[in-house]
Participant: 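Here it is, the structure in full.
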There are 2 protein chains.
Amino acid sequence: MALKGRKDRERERRRKTILKAARKLFFKRGYNPVTVSDIAKKVELSKGAVYLYFSGKEEICAQILLDDIAKFHGEVLPIFNGLASASEVITSFAHMYVDFFLKDRELFRILMKFMLHANNLDLPEDTNIRIIRETNRAISVTENIFQYGIDKGEFVLKKEDIRTMRNAFWGMLNGIISLHLFMGRESTKKERIRSNVNACLNIFIEGLKKTG
Amino acid sequence: MALKGRKDRERERRRKTILKAARKLFFKRGYNPVTVSDIAKKVELSKGAVYLYFSGKEEICAQILLDDIAKFHGEVLPIFNGLASASEVITSFAHMYVDFFLKDRELFRILMKFMLHANNLDLPEDTNIRIIRETNRAISVTENIFQYGIDKGEFVLKKEDIRTMRNAFWGMLNGIISLHLFMGRESTKKERIRSNVNACLNIFIEGLKKTG
DNA sequence: AAGCTAAACTGACTGTTGGTCACCGTTTGA
DNA sequence: TCAAACGGTGACCAACAGTCAGTTTAGCTT
């Protein structure tokens with residue numbers, strides 16, 4: 001691949017500008033209520049111009065999600081260093097995950113939307129694939145944690161059950177978040193959710209240590 | 001309340017007819033792609049007529065969800081009789097829940113949509129309240145199960161932790177379902193999900209018996 | 001500097017869809 | 001018998017995602 005020229009860099013900057021504006025709008029007013037014209041207006045471009053950089057509203061949204069997942073990965077990987085037990089790692093991971101996706105509630109809604117409708121969105125094929133790949137990457141991080149726990153002899157878990165546990169764990173986190181989103185009016189305290197996650201983790205980890 | 005006359009009954013029948021048609025369409029093609037005109041056409045009415053019976057597309061959808069939750073309650077309550085241990089009850093409940101909401105995948109998507117956007121939908125006030133009340137009722141069933149387990153001395157669980165466990169449990173179920181929806185192409189086998197739920201339950205129940 | 005090309009950009013336009021409303025025929029009951 | 005109420009109609013409206021013919025701008029060539 002040739003080096004990127006100025007044009008490419010400018011193009012990329014524009015994309016980022018649009019994404020940033022869209023992000024702000026989506027997180028403030030929610031995905032649906034924001035129109036493409038709103039986004040265009042915010043970056044002082046015409047609607048048509050936005051379509052030069054993205055295939056549509058949905059792709060903008062997908063790109064925001066992708067960027068955020070990447071950011072999450074950047075934040076989450078360092079925690080593997082400096083933590084002793086697998087229990088600690090898994091606990092830290094859970095809290096980071098919950099905190100991350102509750103920082104802006106709309107982000108979690110967007111994530112769930114993509115999970116629920118997976119292959120049913122009209123995105124450019126490659127965007128769709130990237131969404132699936134990146135999400136799976138995030139999921140597979142938890143898989144590594146379980147493996148780590150087994151290797152350390154901390155978890156009593158058959159190798160073939162890792163996948164199952166990974167799913168259960170991941171699902172549990174998403175489930176708790178969405179439930180809180182549903183029950184909690186906007187006033188829901190983060191601490192409430194944290195304690196819920198903690199309680200759940202305790203049982204989960206306890207079970208991992210005991211059961212096979 | 002006065003007895004319902006013929007007019008009322010006919011009106012109700014019409015509503016049910018519309019709901020049934022809408023249900024079929026939603027479950028076949030998904031919520032978004034189905035237009036109000038499609039629904040109207042299917043029941044051989046004009047679009048305007050549909051709006052005489054429902055405030056809009058969203059309310060039709062909400063009503064379908066409400067009816068299904070009611071149906072679920074009807075199916076789930078009998079299981080309390082004839083089962084001995086709380087573990088059995090909770091296991092049965094979990095499987096019924098998963099089976100029920102995976103029978104038609106769109107139903108689960110609809111449920112999640114309402115959970116995620118809770119108060120952000122423009123529904124008639126009373127419909128909105130009913131959605132929240134009915135969902136909470138379903139959630140509180142699990143609360144009763146935990147209570148039952150404690151009363152029987154089967155679960156070692158502080159009374160003030162019931163709510164937390166209920167949330168964790170409920171969230172876990174929804175999370176697993178949505179994860180499978182995401183990962184599984186349409187071919188996903190029900191058995192796969194069941195085994196996942198089972199594994200998760202084992203740990204969960206084990207934890208409930210052990211931890212405090 | 002003038003001429004040229006391609007990319008960036010515009011905004012009026014289209015198509016679709018959720019929702020509204022003035023109007024019409026039928027039933028009802030006084 | 002007749003008017004009010006009711007069930008129903010379908011043309012219409014507004015909002016919005018997405019398109020495209022045409023205009024401007026940037027940068028290159030001679």
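Residue numbering restarts at 1 for every chain, and letters A, B, ... go by the order of the sequence lines.
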Participant: Which is true for A/Gly56 with a 4.0 Å heavy-atom rule: it touches a base, it touches only sugar-phosphate, or it touches nothing?
Facilitator: sugar-phosphate
Participant: Name the nucleic acid region contacted by A/Val34, choosing base, sugar-phosphate or nothing; use a 4.0 angstrom heavy-atom cut-off, strictly under.
Facilitator: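 It contacts sugar-phosphate atoms only.
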Participant: Look at the side-chain N and O atoms of A/Arg14 and state whether any lies under 4.0 Å from the OP1 or OP2 oxygen of C/dC9.
Facilitator: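 For A/Arg14, the contact criterion (side-chain N or O under 4.0 Å from OP1 or OP2 of C/dC9) is met.
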Participant: Take the protein atom CZ of B/Arg13 and the nucleotide atom P of D/dG7, then report the distance between them rounded to whole Å.
Facilitator: 14 Å
Participant: Is it the case that the ring center of A/Phe114 lies less than 6.0 angstrom away from the ring center of B/Phe182?
Facilitator: no
Participant: How long is the line joining NZ of A/Lys47 and P of C/dA12, in whole Å?
Facilitator: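 To the nearest whole Å, that distance equals 12 Å.
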Participant: D/dC6 C1' sits how many Å from B/Arg9 CZ, rounded?
Facilitator: 17 Å
Participant: Looking only at the side chains, is there a donor atom on one of A/Ser195 and A/Asn198 sitting less than 3.5 Å from an acceptor on the other?
Facilitator: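 No - no donor-acceptor pair under 3.5 Å links their side chains.
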Participant: Nearest-Å distance, CD1 (B/Ile39) to C1' (C/dG19)?
Facilitator: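 Result: 13 Å.
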Participant: C/dT17 P sits how many Å from B/Ile60 CD1, rounded?
Facilitator: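 To the nearest whole Å, that distance equals 15 Å.
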Participant: What's the closest nucleotide to the side chain of B/Val36 if the choices are D/dG8, C/dG18, D/dA17?
Facilitator: C/dG18
Participant: Where do A/Tyr31 and A/Glu106 come nearest, in terms of heavy atoms and distance?
Facilitator: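 What the structure gives for the nearest pair is N-OE2, 3.0 Å.
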Participant: Kindly confirm or rule out a cation-pi arrangement of B/Lys103 over B/Phe100, judged by NZ or CZ under 6.0 Å from the six-membered ring centre and within 45° of its axis?
Facilitator: yes
Participant: Send over the distance from B/Asn32 CG to D/dC16 P, rounded to a whole Å.
Facilitator: 16 Å
Participant: Of the nucleotides D/dA17, C/dC9, D/dT9, which has the atom closest to the B/Ser46 side chain?
Facilitator: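 The answer is D/dT9, which lies nearest to the side chain.
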Participant: Between C/dA8, D/dG8, C/dG19, which nucleotide gets closest to the side-chain atoms of A/Arg11?
Facilitator: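 Of all the options, the side chain of A/Arg11 is nearest to C/dA8.
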Participant: Can you measure A/Tyr51 atom OH to D/dA17 atom C1' for me and round it to whole angstrom units?
Facilitator: 4 Å
Participant: Think B/Tyr53 has a side-chain N or O under 4.0 angstrom from the OP1 or OP2 of D/dG8?
Facilitator: yes
Participant: Mind calculating the distance between NZ (B/Lys41) and C1' (C/dT16) to the nearest angstrom?
Facilitator: 13 Å
Participant: Of the candidate nucleotides C/dC9, D/dG18, D/dG8, which contains the atom at the shortest distance from the side chain of A/Leu45?
Facilitator: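 Nearest to the side chain of A/Leu45 among the choices is C/dC9.
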Participant: Do you know which of B/Leu181, B/Val98, B/Val197 makes side-chain contact (heavy atoms from CB on, under 4.5 Å) with B/Ile176?
Facilitator: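 Among the candidates, only B/Val197 passes.
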Participant: Which one, C/dA8, D/dG8, C/dT10, comes nearest to the side chain of A/Ala49?
Facilitator: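 So the side chain of A/Ala49 is nearest to C/dT10.
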Participant: The side chain of B/Thr35 lies closest to which of these nucleotides: D/dG8, C/dG18, C/dC9?
Facilitator: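 Among D/dG8, C/dG18, C/dC9, the one nearest the side chain of B/Thr35 is C/dG18.
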